[in-house]
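These notes are about the structure you will find just below.
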Amino acid sequence: MKKLFILILAAMMAAPSFAQFSKSHNRYDHNNTESYYGLRLGMNIASLSSDNADFDMDSRAGLAFGAVYGLQLANSTPVWLEAGLFYSEKGGNMESVPFKMADDKIGFQKVKCRLSYLQIPLVVKYSFDIVDDLYIDPFLGGYLALGVGGKTKYYGEQRSISSYNAVDRFDGGLRIGCGLEYQMLYAEAGFDFGLANIGDSDFDGVHTRSFFINVGVNF
């Protein structure tokens with residue numbers, strides 16, 4: 001968490017430099033058919049939701065960073081199609097999970113699950129011009145994700161395993177949110193709702209949930 005906040009703080013401190021640069025180098029024009037590239041850095045507040053309440057996991061914070069490409073669909077309307085590629089950490093935490101101790105007594109432990117994905121979001125944005133160079137961009141779309149790492153730690157048993165021993169590597173779902181941009185500077189917040197069952201049972205589905213906040217720049 002400390003490293004995550006330091007990264008986001010560094011990005012925010014660099015923002016005035018990007019804003020100064022954008023005054024004379026802004027290539028982002030909503031009046032013509034345009035495209036843009038963007039860099040993003042942020043965090044996820046993720047959890048796991050299951051049909052079986054015993055498998056639900058509370059939220060945990062994770063890192064997210066990546067790049068996006070946006071294309072204006074028509075110069076007569078401020079509608080944009082944006083695709084990206086992100087490294088995104090999700091998963092969840094559980095408190096007071098029962099386990100059998102060495103003396104056959106039942107103890108309780110904390111369990112932390114980290115799921116690291118390469119994620120491809122694809123969304124449609126509509127830009128509302130608020131004042132000069134300030135836009136609000138609500139967006140709606142979906143995402144596909146491939147698990148590339150992650151550990152589940154059992155603190156009472158002092159052991160850890162690959163998270164993908166219990167869940168599938170492939171995920172996909174809906175993405176909804178809203179962005180705010182000023183010249184080259186950009187910030188957004190939204191939700192990822194996992195629709196794919198990443199669990200290993202057809203009867204007790206497991207789905208990812210994530211609230212995300214990203215900051216970045218558009219070129």
Side-chain angles (χ1 to χ4, degrees), residues 1-9 40-67 84-122 141-177 188-214:
M1 282 295 294
K2 290 182 180 179
K3 294 180 181 179
L4 178 58
F5 285 123
I6 290 173
L7 284 172
I8 295 177
L9 180 60
R40 304 286 186 262
L41 172 65
M43 64 183 297
N44 297 322
I45 305 298
S47 63
L48 294 176
S49 175
S50 174
D51 298 332
N52 186 337
D54 292 336
F55 297 152
D56 282 344
M57 284 195 162
D58 297 327
S59 61
R60 67 177 302 273
L63 178 66
F65 63 86
L85 177 62
F86 279 75
Y87 170 81
S88 184
E89 294 181 345
K90 299 183 181 182
N93 295 328
M94 296 179 73
E95 301 285 345
S96 301
V97 178
F99 74 104
K100 184 178 288 188
M101 297 187 293
D103 57 3
D104 288 336
K105 292 182 178 180
I106 299 300
F108 295 90
Q109 64 182 332
K110 178 185 294 185
V111 178
K112 290 187 176 181
C113 174
R114 179 172 61 86
L115 300 170
S116 299
Y117 291 101
L118 285 180
Q119 182 164 310
I120 301 175
L122 182 66
Y143 71 90
L144 294 174
L146 172 65
V148 294
K151 293 286 187 179
T152 298
K153 297 180 179 180
Y154 300 85
Y155 284 81
E157 301 172 64
Q158 295 289 302
R159 68 183 181 96
S160 65
I161 63 172
S162 170
S163 296
Y164 300 106
N165 288 353
V167 300
D168 192 68
R169 289 183 179 270
F170 293 95
D171 188 25
L174 296 177
R175 167 168 282 213
I176 186 172
E188 67 181 4
F191 293 90
D192 284 340
F193 298 94
L195 298 181
N197 176 15
I198 65 171
D200 57 2
S201 171
D202 293 331
F203 300 97
D204 296 321
V206 179
H207 305 275
T208 59
R209 299 286 185 264
S210 180
F211 170 73
F212 61 86
I213 300 174
N214 295 322

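The shortest distance between side-chain heavy atoms of S47 and M57 does not fall below 4.5 Å. The shortest distance between side-chain heavy atoms of F170 and L146 falls below 4.5 Å. Side-chain contact between E188 and F212 is present, with heavy atoms from C-beta onward closer than 4.5 Å. Side-chain contact check for F193 versus H207: every heavy-atom pair is 4.5 Å or farther apart. The shortest distance between side-chain heavy atoms of Q119 and D171 does not fall below 4.5 Å. Counting heavy atoms from C-beta outward, T208 and L48 have side chains that approach closer than 4.5 Å.
Y143 and G194 get closest at one heavy-atom pair: OH-CA, 3.3 Å. Heavy-atom minimum distance, G199 versus N197: N-OD1, 2.9 Å.
Separating the OG atom in S210 from the OH atom in Y117 is a distance of 10.5 Å, to the nearest 0.5 Å. Here OG1 of T152 is found 10.5 Å from CG of N93. Values are rounded to the nearest 0.5 Å. Within the model, atoms NZ of K151 and OG of S163 stand 8.5 Å from one another, a figure rounded to the nearest 0.5 Å. Going from atom CZ of R40 over to atom CG of L85 covers 13.5 Å, rounded to the nearest 0.5 Å. Once rounded to the nearest 0.5 Å, the distance linking NZ of K153 with CD1 of I161 reads 13.0 Å. Distance check: L195 CG to I198 CD1 gives 12.0 Å after rounding to the nearest 0.5 Å.
With sequence neighbours left out, Q109 forms a side-chain hydrogen bond (donor to acceptor under 3.5 Å, both in side chains) with E157. Every residue two or more places apart in sequence or in another chain that forms a ring-ring contact (aromatic ring centres under 6.0 Å, His included) with F65 is listed here: Y87.
With no hydrogens or angles considered, a side-chain donor-acceptor pair links N44 and S88 at under 3.5 Å.
Looking at D56, its side chain does come within 3.5 Å of a backbone N or O of S50 through a donor-acceptor pair. Side-chain N or O atoms of R60 include none that pairs as donor or acceptor with a backbone N or O of I45 at under 3.5 Å.
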CA sep, side-chain torsions, deciding dist, call: Y155, K112, side chain to side chain contact (heavy atoms under 4.5 Å, CB included): CA-CA 8 Å; Y155 284 81; K112 290 187 176 181; 3.4 Å; yes
